[in-house]
Amino acid sequence: MLQQTRVAQGIPYYLTFVKSFPTVHHLAKAKEEQVLKLWQGLGYYSRARNLHATAKFISEERDGIFPDTYKELIKLKGIGDYTASAIASICFDRPEAVVDGNVYRVLARYYGVELPINSKEGISFFRELAHRVKDVQNIKDYNQGIMEFGALQCTPKNPDCNSCPLHNDCVALATDKVAVLPVKTKKTKIRKRYFNYLVVVDENNSTLLQQRIGPGIWQNLYEFPLLETDKEIELEEVGESLKGIVAVEAPFEVYLYNENQVVHKLSHQHLHTRFWIIHAADKLENGIRISDLHKYPVPVLIADFIKAFKI
DNA sequence: AAGGCGGGGGT
DNA sequence: ACCCCAGCCTT
């Protein structure tokens with residue numbers, strides 16, 4: 001749950017999850033839609049789908065017994081090097097060293113390692129370094145300690161090296177490289193996309209919702225019928241494209257809900273979004289009551305609209 | 001080996 | 001704006 005996510009952001013989700021799914025069997029028996037709903041807003045939704053799939057596997061194929069070695073753990077969906085090491089060491093006292101973003105930073109600075117942490121060579125180097133310097137006498141506290149040390153003391157920006165208990169031996173501090181370590185190559189460039197959501201409203205206050213299918217963002221989450229274009233479009237074009245997307249008989253009324261585009265920012269895409277309200281005179285075939293929209297797992301972009309939308 | 005995949009918080 | 005977060009998966 002915490003992969004690429006701050007602990008503080010994940011905690012409320014964790015609490016809701018363990019309350020809703022007290023055992024792996026409860027999670028295994030849940031509908032994916034419920035799992036995604038509880039995950040809504042946390043992002044990286046493949047984690048939720050993988051967690052669910054692995055719960056099914058553990059419950060149905062292993063009688064609820066979790067593997068207790070790195071070698072077996074890493075075979076599970078959604079569990080990579082870090083998570084397999086974390087579970088094996090913290091839960092089962094196995095001598096595995098975790099390497100997360102915090103550990104990369106602490107090791108890179110303390111040992112003055114300038115290999116990029118996102119290169120093949122860097123990844124294997126840091127992994128071996130972490131295993132060489134780990135403390136197997138108390139592996140769980142060591143692993144959690146070095147991660148916490150990175151989060152609280154050896155921070156990405158402006159670490160307070162004066163107060164650091166390791167400042168006598170830190171290579172980065174001695175060579176004035178604290179600010180440039182760890183090294184990370186290339187930044188992802190951001191793609192602009194133009195989303196036009198078609199919010200159809202009929203006389204029953206029902207609307208249309210559809211599930212996104214992969215590949216791409218928000219797999220298996222719900223959204224309004226979408227007209228994606230390669231640039232901004234105007235009312236006329238929406239009216240023309242409308243009938244190919246939603247089954248609405250004329251006459252209908254279309255208007256723009258948000259005069260200013262909502263720019264929803266993902267790590268790698270900026271979604272320039274407009275919501276178009278379409279009042280249909282007839283009754284929708286597969287309409288969903290607007291008052292029921294809150295039951296569906298949706299991206300934050302859609303959740304924010306639903307929250308603000310008053311007919 | 002590189003890129004896709006969210007959303008929020010800090011600077 | 002840009003960076004980072006108890007990373008993993010697919011191509």
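Each chain gets a letter, A, B and so on, in the order its sequence line appears, and its residues count up from 1.
- Under the 30°/60° scheme for interplanar angles, the aromatic rings of A:Phe305 and A:Phe275 are found to lie parallel.
- Between A:Ala281 and A:Glu203, the shortest heavy-atom distance links the atoms O-OE1, 3.3 Å.
- Using a 4.0 Å heavy-atom distance criterion, A:Thr83 is classed as a sugar-phosphate-only contact.
- Between A:Leu293 and A:Ile288, the closest heavy-atom pair is CD2-CG2, 4.4 Å.
- Residue A:Leu152 is found outside any hydrophobic cluster, as its side-chain heavy atoms come under 4.5 Å of no other Ile, Leu, Val, Met, Phe, Trp or Tyr.
- Summarising the geometry, atom CD1 belonging to A:Ile90 is positioned 12.0 Å from atom CD belonging to A:Glu96; distances are rounded to the nearest 0.5 Å.
- In terms of heavy-atom proximity, A:Ile79 sits nearest to A:Ala84 at CG2-N, 3.5 Å.
- Here B:dG3 presents its P atom at 7 Å from NZ of A:Lys186, a figure rounded to the nearest Å.
- Here the P atom of nucleotide C:dA1 and the NZ atom of A:Lys187 are 14 Å apart, to the nearest Å.
- Put simply, NZ on A:Lys184 is 14 Å from P on B:dA2, counting in whole angstrom units.
- When the C1' atom of C:dC9 is taken as reference, atom CD1 of A:Ile74 falls 12 Å away, rounded to whole Å.
- Rounded to an integer number of Å, the gap from CG of A:Asn143 to P of C:dG7 is 13 Å.
- We find that CE of A:Met1 is positioned 15 Å from C1' of C:dC5, with the value rounded to whole Å.
- For A:Ile123 and C:dG7, the CD1 to C1' distance is 10 Å, given to the nearest whole Å.
- Heavy atoms only, all atoms of each residue included: A:Ser20 and A:Leu38 are closest at OG-CD1, 3.5 Å.
- B:dG3 and C:dC3 are spaced 16 Å apart, taking the P atom of each and rounding to whole Å.
- Within the 4.0 angstrom heavy-atom criterion, no nucleotide atom of any strand lies near A:Asn118.
- Residue A:Leu152 contributes atom CG, which lies 13 Å from atom C1' of C:dC5 at whole-angstrom precision.
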Q) Which parts of nucleotides 5-11 of chain B does protein reach within less than 4.0 Å, heavy atoms only, written one letter per nucleotide 5' to 3' as B for base, S for sugar-phosphate only and - for none? A) BBBB--S

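- Using atom P as the reference point in both C:dT11 and B:dG6, the two lie 15 Å apart (nearest Å).
- Annotation for A:Tyr222 and A:Pro299: closest pair O-CD, 3.1 Å, computed over non-hydrogen atoms.
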Q.
For Watson-Crick and G-U wobble pairs within 3.5 Å on both distances, what is DNA chain B written in dot-bracket notation, | included for inter-strand pairing?
A. |||||.|||||

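- Looking only at side-chain heavy atoms (C-beta outward), A:Tyr257 and A:Phe309 come within less than 4.5 Å of each other.
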